[in-house]
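Chain letters run A, B, ... following the sequence lines, proteins first, then strands; residues in each count from 1.
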Amino acid sequence: MAEMWIHMGPQHPMTHGLWNLRIKVNGETITDAVPELGYLHRSVEKIGERRKYFMNTTLTDRLCYASAMTWTHCYCLAAEELMGVVAPPRAQYIRTAVLELQRIASHLMWLGAYLPDLGLITGFLYGMRDREMFLNLLEIPSGGRLLYNYVKIGGVKRDLPPGFEAKAERVMQTLERRLKEYENLYDNSKIFRMRNDGVGVYSASDAINWGITGPNLRSAGVPFDLRQADSYDAYPELDFEPVTNTAAGGGSDCFSRYRQRIDEMHQSMDLVRQALAKMPEGRVMADSVPLRASGEAFRRTEDSRGEALMYLVGDGSDRPYRWKIRSPMFTTVSAAPHFLKGYKMADVPAIMGSLDMCIGETDK
Amino acid sequence: MTSLYDWSYWFCEAWLVPLMTPLLYFQEHIMPPFSNPAGDMARWMESDPGLNILAWTIVVNVALMIGFTNVIIVVYLERKIAGRIMDRRGPMLSLSSLKEIASDLAGYAPEYNWKTTTYAGIGILQNVADGIKFFCKEIIVPDKADRLLYTIGPVIFISSSILLLVMVPFSPRIAASSAPLGLLVVMAAFSIAPIGVLTTGWACNNKYTLIGGMRSAAQLMAYEIPLLLSMAGVFLVAGSYNPMDIVAQQQEVGLLGFPMWNIIPQFLGFIVFIVCILAEVERVPFDLPEAEAELVEGWTTEIGGLRLGLVFAAEYIRGFVGAMIATILFLGGWAGPFLPGEIWFLLKVYGILIFFIILRWTVPRIRTDQILLLGWKRLLPLSLINLALAILYVEVF
């Protein structure tokens, strides 16, 4: 068969979101790939320059629909640095707890989206079922289930209600039981391993050169975690090490990326327990938060998908003069052609799915 | 009365033709003789070819009815079992829920209670809803598609699948045909469908359908040879291709003092056969031609309306026939104590079908190169080993 270009997207089951991957196939083997982005561009950065600092948390919630809390938190950290505000200790611990809960919910969403890519729709229902518990948990303090608007500049919106710890503990025990089930269902499945082992391989040095961050980098064996490397909030006081995984032949493949996210869920549950146990008493909002700011500030945080970076420039007015968002998935998707080449067409959903795409933050 | 065909031949000869021909002869008398074919028709019906064709028409219709009744049951089972596996309930709409819905839609619901009013039933109406939806859809032929092949492709697929039903017996009583080559003919008819898939895939003028059709052809290469080799062991032991003889052979009291079904001496062949028949009927994990993750809907992407509904029904018919052949070859067919043979046969067939369904919702899909690897490097040697063991078995005992 002659070589031909095939569009996977903008409306295609492989694309979780709205983007286009053009692949050139020779029979079933991929010889070239071009990702095309921009279908979901909402010019968040430009809109943000017309709105006051505290209004922008509404926009940042909408950056990633699977991980709204982490993006708002990153923006709030940058704005706090710009304004010289520090959140009270209790607010920092609450942030840590809800961030980790959000990370688990996001990884479960990934698990639910990844298995239909391999042809197992049951996995979608399982992932969504478990994510539901964490959405219920996040609904308790914030009132929202998808877009929380919970983290504010200078603290968090509300205190955690009494009894939150017990509920969180019950949910996390359920998830631990279910993760054991999933390991039986997926890790021990010969077909699951056939589809994952040695597919979409990139080495650690390539990942660093291409700017891949987050779980996709750690799955290549690089122990780099911004929660430790550039620590923020209550993370310095918590006891944890970055978890890493490597493929059988070194580097990162689909299976090590799958294992990485399962391991991170275990780690996040541990962090939530620590944060809830060590939580001090006190206020959850800073005494005064200025409306105006000048200077420049940038903060980077460990988002569920990698390194999220917010850069803010203030000119003394109550709106940011310039706002720049660095999206982790944008760089990862840009590198995708390098590790798509040579694999089969059926591997495209597996490879792109294992990266945990989120088009909201990629297109901004 | 050895088969359904004999019964319908007798029915035509004794009842249908004697009842219909007087009417036709009467018509011949009252109308001008040169323009009226009624008498010719009557004479043709009384002749042997006419009776033959009438009998076959009845047989095919009965087979179609049996097939589609089972399709409805299998689709229902698939949905319910899939729902239970996925930790949900599956379709719930049934006749008992219509009253609740009607009172709810009418705007008054005096007995409505949010705790007890659930519309819950056993869910059999979901199939009816699906059927109505398929009927109501417009049939769209894509621009620049090859209209002739686009129409012929699904017809090949559907008709060859319905043909299968006629050739596999339910029991000695309900058997449409007893061809001497029996199951070999069935397998030949089974292999017609990929031609329809390939034709449709090419004719749609769409890259997804094209790749889906190509995958169907590639898959045929992988499973067809091990499939036939695993059946050859059973044919050797039975000394016949005929389903009746194969089932009768399995009823002979073997070494251990009870009827030994072929699954016991030829367990290897059973495994190979089940894996290959899964690939033959294109179910997960071998549903590569319609891999929805990368090929949207595979070779059926451009098919719509009732045509798509019939293609789905044909796929379930193929699954059903696959389970029937597995039952005849390895599980003793319609044999069993106490209950009638047909009940035993359906119980065994549905057992295999439920295994297919559970498998479908438990494992991911494998790749095209992996199915070729599996077929040529694993299943082919295994089926050859099974064949050698079967020869040994025949020679020694």
Side-chain angles (χ1 to χ4, degrees), chain A residues 1-2 4-9 11-16 21-23 25 27-30 112-130 132 178 181 184-186 188-197 199 254 343-353, chain B residues 78-79 81-90 198 201-202 205-219 275 278 282-298 301 357-374 377-378:
Chain A
M1 209 192 295
M4 61 180 173
W5 284 98
I6 293 181
H7 285 242
M8 283 193 164
Q11 291 172 8
H12 189 278
M14 187 274 295
T15 61
H16 306 299
L21 179 69
R22 289 164 62 221
I23 55 169
V25 290
E28 290 244 357
T29 313
I30 300 164
Y114 181 48
L115 284 147
D117 286 345
L118 299 177
L120 180 58
I121 301 173
T122 309
F124 175 73
L125 272 291
Y126 285 176
M128 290 296 129
R129 175 188 69 180
D130 295 348
E132 198 70 13
R178 296 247 172 94
E181 262 178 46
N184 280 332
L185 182 60
Y186 305 142
N188 298 342
S189 160
K190 177 75 183 162
I191 299 179
F192 185 83
R193 298 298 294 265
M194 275 162 75
R195 288 298 305 275
N196 279 283
D197 284 344
V199 173
C254 284
Y343 293 101
K344 303 288 176 212
M345 200 180 154
D347 289 331
V348 176
I351 295 171
M352 298 316 294
Chain B
E78 169 121 44
R79 289 192 163 136
I81 293 173
R84 287 298 171 184
I85 289 175
M86 291 175 180
D87 202 1
R88 58 186 176 87
R89 284 170 185 273
L198 193 60
W202 183 81
N205 191 28
N206 180 322
K207 287 170 185 170
Y208 302 129
T209 59
L210 177 64
I211 292 176
M214 290 293 176
R215 281 184 178 189
S216 179
Q219 195 169 330
V275 173
L278 270 174
E282 285 165 10
R283 284 180 71 87
V284 173
F286 304 111
D287 64 336
L288 305 173
E290 48 189 284
E292 82 276 349
E294 65 264 20
L295 290 184
V296 188
E297 200 43 55
T301 305
I357 292 169
I358 291 174
L359 196 70
R360 174 168 184 177
W361 301 104
T362 324
V363 293
R365 179 186 306 116
I366 76 171
R367 278 200 319 254
T368 320
D369 53 329
Q370 285 168 345
I371 193 176
L372 288 165
L373 208 78
L374 185 77
K377 286 193 179 165
R378 303 281 189 277

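Atom CE of A:Met194 is separated from atom CG of B:Leu374 by 6.0 Å, given to the nearest 0.5 angstrom. Atom CG of B:Asp369 is separated from atom OH of A:Tyr343 by 12.0 Å, given to the nearest 0.5 angstrom. In this structure, CG in B:Leu359 is found 7.0 Å from CD1 in A:Ile191, a value given to the nearest 0.5 Å. Distance check, rounded to the nearest 0.5 Å: CD1 of A:Ile121 to CZ of B:Arg360 gives 7.5 Å.
Looking at every heavy atom in both residues, B:Arg367 comes nearest to A:Ala346 through CG-CB, 3.8 Å. Considering all non-hydrogen atoms of both residues, A:Thr122 and B:Trp361 come closest at OG1-O, 2.6 Å.
Contact check for B:Glu294 versus A:Ile23: no side-chain heavy atoms found under the 4.5 Å cut-off. The side-chain heavy atoms of B:Thr362 and A:Leu185, taken from C-beta on, include a pair separated by under 4.5 Å. Side-chain contact between A:Glu28 and B:Arg215 is present, with at least one heavy-atom pair separated by less than 4.5 Å. For the pair A:Met345 and B:Ile211, the minimum side-chain heavy-atom distance is below 4.5 Å. Considering only heavy atoms from C-beta on, B:Arg88 stays 4.5 Å or farther from A:Arg129 through its side chain.
By the 6.0 Å contact criterion, CD on A:Gln11 is open, its count of non-hydrogen atoms from other residues, nucleotides or ligands being 12 or less.
In this structure, chain B has a heavy atom under 4.5 Å from the side chain of A:Tyr126, while its backbone stays farther away. For a residue to count as touching a neighbouring chain, one of its non-hydrogen atoms must lie under 4.5 Å from one of that chain's; by this rule A:Pro116 touches chain B with the backbone only.
With chain B as partner, the option from A:Met14, A:Lys190, A:Arg195 having the largest number of non-hydrogen pairs under 4.5 angstrom is A:Arg195. Chain B forms the most heavy-atom pairs under 4.5 Å with one residue out of A:Met8, A:His12, A:Lys344, A:His7, and that residue is A:His12.
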